Amino acid sequence: MRPEPGGCCCRRTVRANGCVANGEVRNGYVRSSAAAAAAAAAGQIHHVTQNGGLYKRPFNEAFEETPMLVAVLTYVGYGVLTLFGYLRDFLRYWRIEKCHHATEREEQKDFVSLYQDFENFYTRNLYMRIRDNWNRPICSVPGARVDIMERQSHDYNWSFKYTGNIIKGVINMGSYNYLGFARNTGSCQEAAAKVLEEYGAGVCSTRQEIGNLDKHEELEELVARFLGVEAAMAYGMGFATNSMNIPALVGKGCLILSDELNHASLVLGARLSGATIRIFKHNSSGVHVQVCYIDMQSLEKLLKDAIVYGQPRTRRPWKKILILVEGIYSMEGSIVRLPEVIALKKKYKAYLYLDEAHSIGALGPTGRGVVEYFGLDPEDVDVMMGTFTKSFGASGGYIGGKKELIDYLRTHSHSAVYATSLSPPVVEQIITSMKCIMGQDGTSLGKECVQQLAENTRYFRRRLKEMGFIIYGNEDSPVVPLMLYMPAKIGAFGREMLKRNIGVVVVGFPATPIIESRARFCLSAAHTKEILDTALKEIDEVGDLLQLKYSRHRLVPLLDRPFDETTYEETED
Amino acid sequence: MATATEQWVLVEMVQALYEAPAYHLILEGILILWIIRLLFSKTYKLQERSDLTVKEKEELIEEWQPEPLVPPVPKDHPALNYNIVSGPPSHKTVVNGKECINFASFNFLGLLDNPRVKAAALASLKKYGVGTCGPRGFYGTFDVHLDLEDRLAKFMKTEEAIIYSYGFATIASAIPAYSKRGDIVFVDRAACFAIQKGLQASRSDIKLFKHNDMADLERLLKEQEIEDQKNPRKARVTRRFIVVEGLYMNTGTICPLPELVKLKYKYKARIFLEESLSFGVLGEHGRGVTEHYGINIDDIDLISANMENALASIGGFCCGRSFVIDHQRLSGQGYCFSASLPPLLAAAAIEALNIMEENPGIFAVLKEKCGQIHKALQGISGLKVVGESLSPAFHLQLEESTGSREQDVRLLQEIVDQCMNRSIALTQARYLEKEEKCLPPPRVFSGLETSRFIWEYRVQAAEELERRVLRPGAKSGRLQESPLGSLNALPAHSARPGFGRSLCIRVVVTVEQTEEELERAASTIKEVAQAVLL
């Protein structure tokens, strides 16, 4: 917020065609003159001096507006589906169409129905049509390539039969294997195997009782060092790390400010805590409000109002305010505007809970997550939360922070008191992979993985943009959402890609807003250039087939120039 | 005549208007405007509008001081310093550097250390690596998961099973998948913490009945029935659930399932049964409390259990009819939004199931051992055994509380420590007193829930008072009627309904413990308890 002398100039271009929630926002400091000229051509340039010093690196995040025609067609698509849904429900009701779904027991027919009929309308009539795109069972390591068990349905996806065939070597663009540690060979596997033989698989007790192994202590000490915090604590499940620890931190009389796109676990944790919850618009910290768009729900406004007006009705001041944000948002591919959030948090004396489920390992020059990515001090984040599921190829979650925080959690975390602790071989996998990232195994393998991932990310995102797809999110985020919009294209894209031996994740409502269905690619350091090129070629083809190239701001393909951020240019139409 | 007069008046007025001087007219005009303004303007406000100026707001922001994120934890907090177990937490284990016989881990069947289980897990590790790198929906479903679900369903003789990657999240996700706002859940007061969190997440109406008291449950169900008759329209969409545990983690008692099933059909409420402690323990084949009572498993709508106790792996599962279970695949939060279970843990659970199926005798052995130590532990002066004799996890409680919870904790910890010194690893059952919401808090906490510090302080103060004033009457049993009685009547007897989680030492029996070791443990506990308590 403060202008910093000597701070780099920071520009944001605001599109002439109006910049609302979906507009494109650019925030960079090093620009080649060509880029600056392009920006000037794009419309007004705002010199944002207030937060100029906050960003130490360019921050390019784009959410291209949904084309009007596409939006209308998408709604029409849902309309048709809903009409057919009603028609088929009608046919099922009169037993004209065979009913496949499981039914209530005869003995319990007079009980109050377990499900509301409408609740399942969407599942029955929309989801069921394209159900084969989810829960595809695999039977190998979820690495760069994966073996998928072939399945067939003879009753329109109501049930699946396994043919016994295995689709081998499917390119895996779906697993959160950011650093490529999902492996069944190598040092991690060997170490985990050793520990498994010594300790067994389970623990059979909680941390506070008799399930605190020396391995857990070793892990926590390592995690603290990795994050650069005083202490850390590890838990058996990432989801539960959020849902079982937020209630230990805040309660009645406290205020939680939560990003609207926060993960279900954060939402659940916030709800269980009993604190008041207010939602701010995704990634909108105060500064943007002044410059880009007036958004009354912004974080700064909420903070200001919360402190000035206190609790509703009683008018008592809030006991404490906790801001919940994620590092990388897994559905948008966006990165939290952490410098601004931290500035706000300091200004208003709020506490910051940062969920690095997707960003730990995947961002920052040495994989320390979003804090390192922005060159910030981990001390400024009060609660550093993350998971071991993704970058570390294991399972579980952690919380890092000041010693007092961890001491409190050791005594008051629901997880420590009531839940079984982490499985020892899983712990060992985390220890080994983390040491590898830190370079403590004596190799530079970890560092290379982090770099490879960053390279893959930029390459893949850039190529997709050149092809003319609408890609959401930050250019450095390894989560790459490709917009499909129409419900029919969700199924079509997933199937066409699998036909071409590429496994992708497609998501629609309710995980996304109703018209913003998308495919999501998760990049990995394990992806080689060939794999990415194959995938890109097929995506290009399917994109043409399904007419997915909606973008009106297609990037000019680069021929042979080296690849870095100064080469970003855009065509304007 | 009258008109003439009127005309004359009018003429007069017009004339007067002509003749009046200009300044007079202007004055009159201004006056008229003034009156109009007064008529139409808002009433006079005594108070100025209370909008804060920017400066005032800034001052308020400057002024506000939040509470610290967490209150400081005293260095000697009983739960701060964990026991450190070096090496595997199996039958013989090294706790804080001392080798002990493990009477604290829920490793009932001794499968944690089983070479077959380890071999199966290892094979899986070599095939799949450790993590799954995704939730079940997004390439996180492995063939091993499908196998395990299939095996669990077959083992339990149900249509379908669903696995979760964390035991705690199983029932905590299953309840809110079905029970929504407005639905009614009847739940036992002694229900474990995971159930409580599930109920909280569901935002349903919660009705607590006294622990294992079917009459009390029926009373509540009847009340609800009467309520329903008043508003039949609402009743038609209000789902009713009864949530109980097979063996209660908090009391070591078994639920009266046959009666519950009767009530279920009488009042049309569905039963959710949490079997974390009874799965792999009760029944001829270890199928749990349904098998123990010989009840058709289809009469229970949903059974949930974790795989972290008898199966000695990680995770949990729900089983029942497909009609019920399948719903969780889209609505179970812990299922949809969490990475799936590492395949090696699923493989370990499958192998553990194999072993259970191959050695059905193992459950009888366990039962016998439970009975043995249960019997041997009777009659310790000052400590009493709480829990069913067929429960492999049961509690030792102080017969008579010292009057302060802190003091009780210290006494019990002393017993645990001394047993540990004599190579018997025990542990106190840990609870988050503030959080155990299902129960009315023990009286000492009432109104003092705000901060642990305050209550500690109050307890100390109460002790102080008691020492000075009430000591003479302390043993008379009339404590509750004394003015400070409410502060002193601490819950020592969990069997009595309505009390909080009582402090206790947990004893866990496993099949690996030999008769000799059981005898030794019992005699050690006896001796230590005598020494500490007397």
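Just so we're clear, the structure is a prediction, and the values are computed from it rather than from any experiment. All values below come from the heavy atoms of this structure, side chains included, with hydrogens, waters and symmetry mates left out. Chain identifiers are assigned alphabetically (A, B, ...) following the order of the sequence lines, protein sequences preceding nucleic acid strands; residue numbering begins at 1 within each chain.
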Where does [X] contact chain A at under 4.5 Å (heavy atoms): side chain, backbone, both or neither?
X	result
B:Ala348	side chain
B:Ser322	both
B:Asp298	both
B:Ile314	side chain
B:Arg270	both
B:Leu330	side chain
B:Phe106	both
B:Val324	both
B:Phe241	side chain

**Asked** Within 45 degrees of the axis of the six-membered ring of B:Phe323 and under 6.0 Å from its centre: does A:Arg105 put its NZ or CZ there?
**Response**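 No, cation not above the ring by the 6.0 Å, 45° rule.
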**Item:** Contact origin within A:Phe392 toward chain B - heavy atom pairs under 4.5 Å
**Value:**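 Answer is neither: A:Phe392 stays 4.5 Å or more from chain B.
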**Message:** So for A:Tyr351, is it side chain, backbone, both, or neither that comes closer than 4.5 Å to the heavy atoms of chain B?
**Reply:**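 The answer is the side chain of A:Tyr351.
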**Message:** Rounded to the nearest 0.5 Å, what separates atom CZ in A:Phe239 from atom SG in B:Cys336?
**Reply:**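 SG of B:Cys336 is found 9.0 Å from CZ of A:Phe239.
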**Request:** May I ask you to name which of B:Ala339, B:Ser313, B:Ser86 has the most heavy-atom pairs under 4.5 Å with chain A?
**Result:**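 Among B:Ala339, B:Ser313, B:Ser86, the one with the most close pairs to chain A is B:Ser86.
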**Partner chain A: residue of B:Asn81, B:Leu146, B:Val416 with the largest heavy-atom pair count (under 4.5 Å)** =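 Most pairs with chain A among the choices: B:Leu146.
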**Prompt:** So, A:Tyr408 versus A:His412, ring centres under 6.0 angstrom or not?
**Reply:**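 Yes, they do, as the ring centres are separated by less than 6.0 Å.
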